[in-house]
Structure formats: C-alpha cells, structure tokens
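Every heavy atom of this structure was used, including side-chain atoms; hydrogens, water molecules and symmetry mates were not.
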Amino acid sequence: MKKLQTIQEVLTFINNHHLAFLYVSQEDCSVCHALRPKLTELLKNYPKIELREVEADQVKEISAEYLIFSAPTLLFFVDGKEYLREGKFVQFRKLAHTIEQVYSFEESQLK
C-alpha cells in the first residue's frame with residue numbers, strides 16, 4: 001500500500017481519484033497493523049478504488065483536516081466527498097457491504 005507523506009499529497013489524492021480510500025494509521029498501533037492486510041485483500045475485489053495510507057503521527061495535519069481522533073480510521077471518498085468513515089473497531093462485513101453497494105452503483109452508471 002502506497003503511503004502519502006504530506007497533507008497536500010492527501011488532498012491531491014482525494015481530488016484526483018473518483019473512488020479514493022484513505023487508511024489512516026499510526027506506527028505504534030497494533031490494530032492498524034492487523035487491519036492493513038485485511039483491508040488490502042478486501043479492496044483487491046474493487047480495482048477502481050484507489051487505496052493509500054497516511055500515518056497520522058507523520059502527517060499531523062490529517063487529524064485537523066478530517067477530524068481524526070484515533071487510529072485506525074478508514075475514509076472512503078466518492079468524487080472528493082467523504083462517503084464512509086470507520087474507526088478503531090471496523091465491522092468488515094458492514095464495510096464490505098457498503099463498498100459493494102457504492103461500487104455496483106458506480107459500475108451501473110458506466111453502462
């Protein structure tokens with residue numbers, strides 16, 4: 001998973017990708033490290049969703065910009081607007097269902 005190093009990279013990523021998924025973690029967060037491979041595996045099913053990681057302890061502005069108070073935080077953006085936010089204890093079944101709905105809708109719009 002590619003990492004974004006500055007708040008400007010985060011903003012550019014979100015604004016330049018129709019379906020953007022941001023994984024906000026912290027270096028010393030065991031939950032973050034456990035969740036990362038699960039999320040990566042889930043999003044392999046949705047190739048049009050771009051995924052990036054931001055370490056909140058490295059890019060401190062991320063907390064203020066997106067009101068992030070704990071890690072991990074998962075943010076899903078559609079056309080630059082926040083569509084989904086999950087934090088700390090992620091319910092993967094619910095997350096997968098929501099992503100599937102959005103992705104299916106987006107796919108149907110292209111036909």
Side-chain angles (χ1 to χ4, degrees):
M1 181 182 321
K2 295 179 185 174
K3 291 188 180 182
L4 303 174
Q5 304 294 328
T6 67
I7 194 64
Q8 189 55 51
E9 286 181 6
V10 171
L11 296 170
T12 300
F13 167 70
I14 291 167
N15 290 322
N16 288 348
H17 293 91
H18 174 59
L19 300 172
F21 204 105
L22 200 60
Y23 181 65
V24 182
S25 65
Q26 287 188 327
E27 189 174 335
D28 61 349
C29 169
S30 59
V31 175
C32 298
H33 296 295
L35 196 59
R36 183 184 298 119
K38 290 181 180 180
L39 180 63
T40 304
E41 190 63 31
L42 172 66
L43 292 181
K44 283 181 181 177
N45 298 317
Y46 307 100
K48 293 180 182 170
I49 297 176
E50 292 291 328
L51 173 63
R52 298 293 184 277
E53 181 176 3
V54 178
E55 289 186 2
D57 40 355
Q58 301 296 319
V59 184
K60 298 195 184 311
E61 303 91 341
I62 193 80
S63 298
E65 186 71 29
Y66 293 101
L67 301 174
I68 296 171
F69 302 109
S70 65
T73 298
L74 288 67
L75 301 171
F76 182 36
F77 296 86
V78 178
D79 287 331
K81 294 185 178 27
E82 185 179 320
Y83 184 83
L84 171 96
R85 175 184 290 250
E86 289 285 332
K88 206 67 167 172
F89 303 105
V90 178
Q91 297 177 23
F92 256 84
R93 195 172 292 180
K94 178 183 168 195
L95 176 66
H97 178 71
T98 302
I99 291 171
E100 177 62 34
Q101 285 182 316
V102 172
Y103 202 81
S104 295
F105 176 78
E106 294 298 323
E107 289 285 294
S108 71
Q109 297 301 303
L110 298 175
K111 293 179 181 176

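For His18, the side-chain hydrogen bond (donor to acceptor under 3.5 Å, both in side chains) partners are Asp79, Glu106, not counting sequence neighbours. Evaluation of the side-chain contact (heavy atoms from CB on, under 4.5 Å) rule for Thr12 yields Gln8, Asn16 as partners, not counting sequence neighbours. Partners of Lys44 under the salt bridge (charged side-chain N to carboxylate O under 4.0 Å, His left out) rule, at least two apart in sequence or in another chain, are Glu41. Among residues two or more places apart in sequence or in another chain, the side-chain hydrogen bond (donor to acceptor under 3.5 Å, both in side chains) test is passed with Lys88 by none. Take Glu50 and apply the side-chain contact (heavy atoms from CB on, under 4.5 Å) test, not counting sequence neighbours, and it matches Phe13, His17, Arg52.
For the atom pair NZ of Lys81 and CG of Asn15, the computed distance is 9.5 Å after rounding to the nearest 0.5 Å. From Leu84, atom CG reaches atom NZ of Lys94 across 7.5 Å, with rounding to the nearest 0.5 Å. To the nearest 0.5 Å, the span separating CD1 on Ile99 from CG on Leu39 amounts to 7.0 Å. In this structure, the separation between CD on Glu82 and CG on Leu75 is 5.0 Å, given to the nearest 0.5 Å.
Among all heavy-atom pairs drawn from His33 and Gln26, the shortest one is NE2-O, 4.1 Å. Of all non-hydrogen atoms in Ala96 and Leu42, the two that sit nearest each other are CB-CD1, 3.7 Å. Nearest approach of Glu86 to Leu95, heavy atoms of both residues: CG-CD1, 4.3 Å. Residues Pro72 and Cys32 approach most closely at N-SG, 3.5 Å, considering heavy atoms.
Cluster annotation: Leu4 is not connected to Leu51 through the hydrophobic network of ILVMFWY side chains, with a link wherever side-chain heavy atoms come within less than 4.5 Å. Taking hydrophobic clusters as Ile, Leu, Val, Met, Phe, Trp and Tyr residues chained together by side-chain heavy-atom distances below 4.5 Å, Val54 shares a cluster with Leu11. Put simply, Val90 and Tyr46 are part of the same group of oily side chains (I, L, V, M, F, W, Y) that touch within less than 4.5 Å, one to the next. In the hydrophobic clustering of this structure, Leu74 does not group with Phe77; members are Ile, Leu, Val, Met, Phe, Trp, Tyr whose side-chain heavy atoms approach within less than 4.5 Å, directly or through other members.
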(message) Pair Val78, Leu19 - check side-chain contact (heavy atoms from CB on, under 4.5 Å), show working.
(response) CA-CA 5 Å; Val78 178; Leu19 300 172; 3.9 Å; yes
(message) Please determine whether side-chain contact (heavy atoms from CB on, under 4.5 Å) holds for the pair Thr98 and Phe76, giving the CA-CA distance in whole Å, both sets of side-chain angles, and the decisive distance to 0.1 Å.
(response) CA-CA 10 Å; Thr98 302; Phe76 182 36; 5.8 Å; no
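Tyr23 places no side-chain N or O within 3.5 Å of a backbone atom of Thr40 that could act as its donor or acceptor partner.
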Please report, to 0.1 Å, the donor-acceptor pairs under 3.5 Å made by any side chain of residues 55-69, with sequence neighbours excluded.
{"unit_1": "Glu55", "atom_1": "OE2", "unit_2": "Lys3", "atom_2": "NZ", "d": "2.5"}
{"unit_1": "Asp57", "atom_1": "OD2", "unit_2": "Glu27", "atom_2": "N", "d": "3.2"}
{"unit_1": "Lys60", "atom_1": "NZ", "unit_2": "Asp57", "atom_2": "O", "d": "2.9"}

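Here the side chains of Leu35 and Phe92 are in contact, with some heavy-atom distance below 4.5 Å.
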